[in-house]
Colleague: 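Sharing a structure, written as structure tokens. Questions coming.
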Amino acid sequence: MAKILVTGGTGYIGSHTVVELQKVGFEVVIVDNLSNSNIEVLNGIEKITGIRPAFENIDCTDYMALDRMFEKYPGIEAIIHFAASKAVGESVEKPLLYYRNNLTSLINLLQLMPIHKVKHFVFSSSCTVYGQPDELPVTENAPIKPALSPYGNTKQICEEIIQDTSHSNPFYRAIILRYFNPIGAHPSAEIGELPNGVPNNLLPYVTQTAAGLRKELKVFGNDYNTPDGTCIRDYINVVDLAKAHVIAVQRLLDEKGEKAVEIFNLGTGTGLSVLDIVNTFERVNGVKVPHSFAPRREGDIEKVWADPTRANTVLGWKAQETVEDTLKSAWTWECRLAKLREEKAANAEE
Ligand code: UFG
């Protein structure tokens, strides 16, 4: 089966996607600079699938290194491009880092594609491009709103770069996937989310608080115009999300696309509040998540959830996992991490 390049393949969504690709027989080459991931993720992937993917420690902003990588692995047929900086707050502090990383990486790959005869490209985008939509659930036709952060702006600009590049040269075929909020971990608990330092995102903060690593969760704002006053998001299981990438790649390889660039929302279609998540997490896992209300977080959208009809009908993809099972998988993964930490500490003492 085809050889696929996965940039950012040791990251959270990337690693789950590599597993799903290998499970159906694709050959995977991972390129990652490990700036926000760990080489041990390859062990987890190998444990689940029995296959250790090829790995190259390369920063995608390094054009020459990428060029050499394409020479080393001839016959790559498609690229799934995850590698990017993704912390909203950090992007406000370090905008140039975000513009350099996220834009240069994309431009390098698009430039190298015709040189190495790679036609197919899947891009990780985000529902952040919709800002606060005027209508919910949000469809792919909703207007793009001014970005609220340099991170969000990079996703918008990257989408435009892909569209412009494809208009300029019919060689390119691309699928842009707009993710809602990915959560959970692989059911084997061999891979999951590994946030660096204090988590920005809700779920790792919830699991770390339940594990006693954080004192309490701050719920940012309880005065929003929502039933319980807290923000609403569309939380999507990371394995479900990963499976959509396999379908997208296959669609490109089969040349089934109706347009040179197709865009799909990847969400469940259901919105849940911060308190829904906390309460459900406590109930299904039988653990407490101490929490209190704090002021609103700057830049937060009040409510957003997907209309996933296009992905459901055109891709034939649908989110399968329940939020209950997904929150269980997140807790199992956090417990696994705690066990690994204990083992490391015990080894260090010996
Ligand atoms: N939240 C808290 N406390 C926390 C962390 C989060 O109350 O400690 C709340 C937020 O205020 C928000 C919700 O939980 O209401 C979800 O927050 P996340 O940070 O997990 O997710 P966001 O929706 O803010 O952002 C995510 C990704 C971004 C992406 C965005 C839109 O992290 O990369 O979705 O796609 F841009």
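Fair warning: this is a prediction, and the values are worked out from it, not measured in the lab. In listed order, ligands and their atoms are each counted from 1.
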Colleague: Tell me yes or no: between the side chains of Tyr130 and Asn265, is some donor less than 3.5 Å from an acceptor?
Modeller: yes
Colleague: Looking only at side chains, do Thr268 and Asp234 share a donor and an acceptor under 3.5 Å apart?
Modeller: yes
Colleague: Below 4.0 angstrom, N of the basic side chain to O of the carboxylate: do Lys318 and Asp240 qualify?
Modeller: no
Colleague: Looking only at protein heavy atoms, identify the closest one to atom 9 (C) of ligand 1 and say how far it is in Å.
Modeller: Val274 CG2, 3.8 Å
Colleague: Does at least one non-hydrogen atom of Tyr130 fall below 4.0 angstrom from an atom of ligand 1?
Modeller: no
Colleague: For Ser126, counting its heavy atoms only, list the atoms of ligand 1 lying under 4.0 Å from any of them.
Modeller: 29 (C), 31 (C), 35 (O), 36 (F)
Colleague: Please state whether Phe180 comes within less than 4.0 angstrom of ligand 1, counting heavy atoms only.
Modeller: no
Colleague: Which of the numbered atoms in ligand 1 are under 4.0 angstrom from any heavy atom belonging to Tyr151?
Modeller: 29 (C), 33 (O), 36 (F)
Colleague: If you have a sec, work out which protein heavy atom is nearest atom 7 (O) of ligand 1 and how many Å separate them, to one decimal?
Modeller: Phe220 N, 2.9 Å
Colleague: Would you mind finding which of Lys155, Arg214, Arg178, Arg233 brings a heavy atom closest to atom 23 (O) of ligand 1?
Modeller: Arg233
Colleague: Can you see whether Tyr179 engages Ser124 through a side-chain donor-acceptor pair at a distance of less than 3.5 angstrom?
Modeller: yes
Colleague: Quick test of your reading of the model: are Lys119 and Glu77 salt-bridged, counting only N-O distances below 4.0 Å?
Modeller: no
Colleague: Quick one: look up the protein heavy atom nearest atom 20 (O) of ligand 1 and list residue, atom name and how far away it is.
Modeller: Leu202 N, 2.8 Å
Colleague: If you measure every N or O of Tyr205 against every N or O of ligand 1, does any of those distances drop under 3.5 Å?
Modeller: no
Colleague: Can you classify the ring geometry of His81 versus Phe123 as parallel (below 30°), tilted (30 to 60°) or perpendicular (above 60°)?
Modeller: tilted
Colleague: Is there a heavy atom of Cys127 sitting under 4.0 angstrom from any atom of ligand 1?
Modeller: yes
Colleague: What I want to find out is whether Asp300 reaches Arg233 closely enough, with some N-O distance under 4.0 Å, to be called a salt bridge.
Modeller: yes
Colleague: Answer with yes or no whether the side chains of Tyr99 and Asn153 bring together a donor and an acceptor at under 3.5 Å.
Modeller: yes
Colleague: Quick one: does Trp333's side chain get under 4.5 Å of His186's, heavy atoms only?
Modeller: no
Colleague: Please determine whether a side-chain nitrogen of the Lys or Arg among Arg283 and Glu324 lies less than 4.0 Å from a carboxylate oxygen of the Asp or Glu.
Modeller: yes
Colleague: Give the numbers and elements of all ligand 1 atoms closer than 4.0 Å to a heavy atom of Val219.
Modeller: 7 (O)
Colleague: Please write down residue, atom name and distance for the protein heavy atom closest to atom 24 (O) of ligand 1.
Modeller: Arg297 NH2, 2.9 Å
Colleague: Strictly by modelled atom types, are Ser292 and Glu216 linked by a side-chain donor-acceptor pair under 3.5 Å?
Modeller: yes
Colleague: What atoms of ligand 1 come closer than 4.0 angstrom to any heavy atom of Lys218?
Modeller: 2 (C), 3 (N), 4 (C), 7 (O), 8 (O)
Colleague: For ligand 1, which atoms, with element, lie under 4.0 Å from some heavy atom of Asn181?
Modeller: 21 (O), 22 (P), 23 (O), 26 (C), 34 (O)
Colleague: What part of Thr128, side chain, backbone, both or neither, has a heavy atom within less than 4.0 angstrom of ligand 1?
Modeller: both
Colleague: Please identify which atoms of ligand 1 are closer than 4.0 Å to at least one heavy atom of Lys86.
Modeller: 33 (O)
Colleague: Write out the residue and atom name of the closest protein heavy atom to atom 27 (C) of ligand 1, then the distance separating them to 0.1 Å.
Modeller: Asn201 ND2, 3.8 Å
Colleague: Between Leu217 and ligand 1, is there a nitrogen or oxygen pair with a distance under 3.5 Å?
Modeller: no
Colleague: For the rings on Phe82 and His245, is their centre-to-centre separation under 6.0 Å?
Modeller: yes
Colleague: For ligand 1, does Asp300 get within less than 4.0 Å through its side chain, its backbone, both, or neither, judged by non-hydrogen atoms?
Modeller: side chain
Colleague: Considering the heavy atoms of Cys231, write down every atom of ligand 1 situated less than 4.0 Å from one of them.
Modeller: 15 (O)
Colleague: Only heavy atoms of Tyr235, strictly under 4.0 Å: list the atoms of ligand 1 that pass.
Modeller: 13 (C), 16 (C)
Colleague: What is the nearest protein non-hydrogen atom to atom 5 (C) of ligand 1, stated with its residue, atom name and distance?
Modeller: Asn200 O, 3.4 Å
Colleague: Whether Asp254 and Arg251 form a salt bridge (side-chain N of Lys/Arg under 4.0 Å from carboxylate O of Asp/Glu) is what I want to check.
Modeller: no
